[in-house]
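Quick note on labels: first sequence line is chain A, next is B, and so on, each numbered from 1. As the structure is a prediction and not an experimental result, all values here were calculated from the model.
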Amino acid sequence: MVFLREGICPGATAQLIQSLKEQNVVTLVHLVSADIEDLAQKCSISYKMLVAVRRVLLAQFSPFPSNGAVLYEELLGSTAILSTGNQKLDSLLDSGLYTGELTEFVGASGCGKTQVCLSLAVNISCELKQKVLYIDSTGGLTASRLLQLIQNQVDSIEGQSEALQRIEVVSVFEVYRLLDALQDLRMSFIRQVTGARNSIKAVVIDSVSAVLSSILGGHQLEGMSLMMQLARELKTMARELGVAVVPTRVSAEFDITSCGTLSNQTASSQHSTRERSDT
Amino acid sequence: MVYTCIPLLHCLELGISKEEALEVLQIVRREASGEESQRSVGLPSVRKYTALELLEQEHAQGSIITFCSALDEILGGGVPIGKIVEICGAPGVGKTQLSIQLVVDTQIPECFGGLDGESVYIDTEGSFIVDRVMDVAHAAVQHCHLIAEAGQDEVQLEAAQAFSVSSILSRIYYFRCHDYVELLAQSHLLADFLAEHPKVRIVVIDSIAFPFRHNLEDLSLRTRLLNGLAQQLIGMANDHGVAVVLTNQMTTRFGPVQSTLVPALGESWGHAATIRLILRWEGKLR
């Protein structure tokens, strides 16, 4: 929703905006759908002026179609593929994690989701030398385990501490804090002055269900809306910031008689879910 | 408290540019955090640590020994601070005894390898018998005295003098909860309690299964309550630097051929605990 304001385009003076407001033309949509002649008479602004302003605004704010080839080129240029460090997993994921996409790991308890996340983070930090943001909501992250994994890949102490410094950890145990953390990440990306070299390339969230499961189900309606908001936030973040987002989720099989199961409701509608097979 | 998630697109509704919207958001956040710091019990905003800083923190925090070397080895030195440990087992295997031992072990002075902390014991079954606690405390005190006398270190001797059965008992905070409502209420109050008593290093809930298995027909409600409780507990463990120990009961899972004993409270509860200890009998050994 674009509101008309002074300076939105070269011809839009304060006087123009004010007189348009008096006629209830507040947003761009109103301006475009209004009858210009009628408006010109009522506002006592010249017809030519209004037409010019409208044309400039339309050119500025309307989307224009691009063809598939252009999109493909754009995608090729902006997407990076991050290897997970595990060959079998890489082949399953079509050579690795794609930035700009959500990859979700689902599994029963104890099947190894946290371990996969940890080794992912370690691989991106050690091999690819990129920054990772690890959002932990279960308490399953111990830095000593990270160090163990890093020690398998890097021998020198400086290398190990550098790798540890590239992994940023945020602990949140509540859905609002999680949304806050994601918001912080977005803001830090926007405020960045330097190039993409020091920015975060992957966001791992372990696990999404821990913060959502207590608010879903039953007669609570906010739970669903928070879940959808979280999903949208993750998707837009992945797309806009060009990071690979990896949430994990618990899959629980319940009897049909109990309602409000998590396995029926997916946190993101367009994601690639890979069921972890026994290795 | 301002937990707002204002998408930046909304800034355009006010008729301001993106940069101005960012500034507004920053000011709002600063105001919010300024308000919070004025209150006595303020929630910290989202903090980011690098893994290196986290490693240093973990090394500094230490763990609570159990006085059983096999268990300590499995746990990597003892019950870790900031995590949830769940002890499951059949009746009579020793869950309550282990919790009582941990509650006493937390109070061992630092010079003997303990944490010199206070303990919180939340009892839902009524199995906390003070005489038994006195026995355990007595044994711990004896142990420390022996070490002090063998080592003849000044600091140790002093600490051993101060470490007595009555001092141990006076630093165990005991709460009795009769049903799940009381338990949930207690967990809400616990955050404030921990803020007022910063020396607490362990919270034991014995047992967490009992109030949730009786008089609670709605299973989905049970799952939601348990998950919410788990998140609260891990949040508290993280924020206040305490170890949380829960005792769980066992239930039978009916398989196609044979039935197995599994921890109670369901699959989704399995994710709550960071570490799960399952104790069982093997002949006469546990």
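Looking only at heavy-atom pairs under 4.5 Å with chain A, the residue among A237(B), G228(B), G235(B) that has the most is G235(B). Chosen from T142(A), L141(A), L164(A), the residue pairing most often with chain B at heavy-atom distances under 4.5 Å is L164(A).
A pairwise comparison of heavy atoms in S171(A) and N238(B) identifies CB-ND2, 3.3 Å as the closest pair. The nearest pair of heavy atoms linking A51(B) to A143(A) is O-CB, 3.8 Å.
Here the CD atom belonging to Q165(A) is positioned 11.5 Å from the CG atom belonging to L55(B), to the nearest 0.5 angstrom. Residue L147(A) holds its CG atom at 7.0 Å from NE2 of H59(B), rounded to the nearest 0.5 Å. Summarising the geometry, atom CD1 belonging to I150(A) is positioned 9.0 Å from atom CG belonging to L52(B); distances are rounded to the nearest 0.5 Å.
Although no hydrogens or angles enter the test, the distance criterion places no donor-acceptor pair under 3.5 Å between the side chain of E174(A) and the main chain of Q231(B).
Both the backbone and the side chain of L54(B) have a heavy atom closer than 4.5 Å to some heavy atom of chain A. Contact annotation for I167(A): both backbone and side-chain heavy atoms come within less than 4.5 Å of a heavy atom of chain B.
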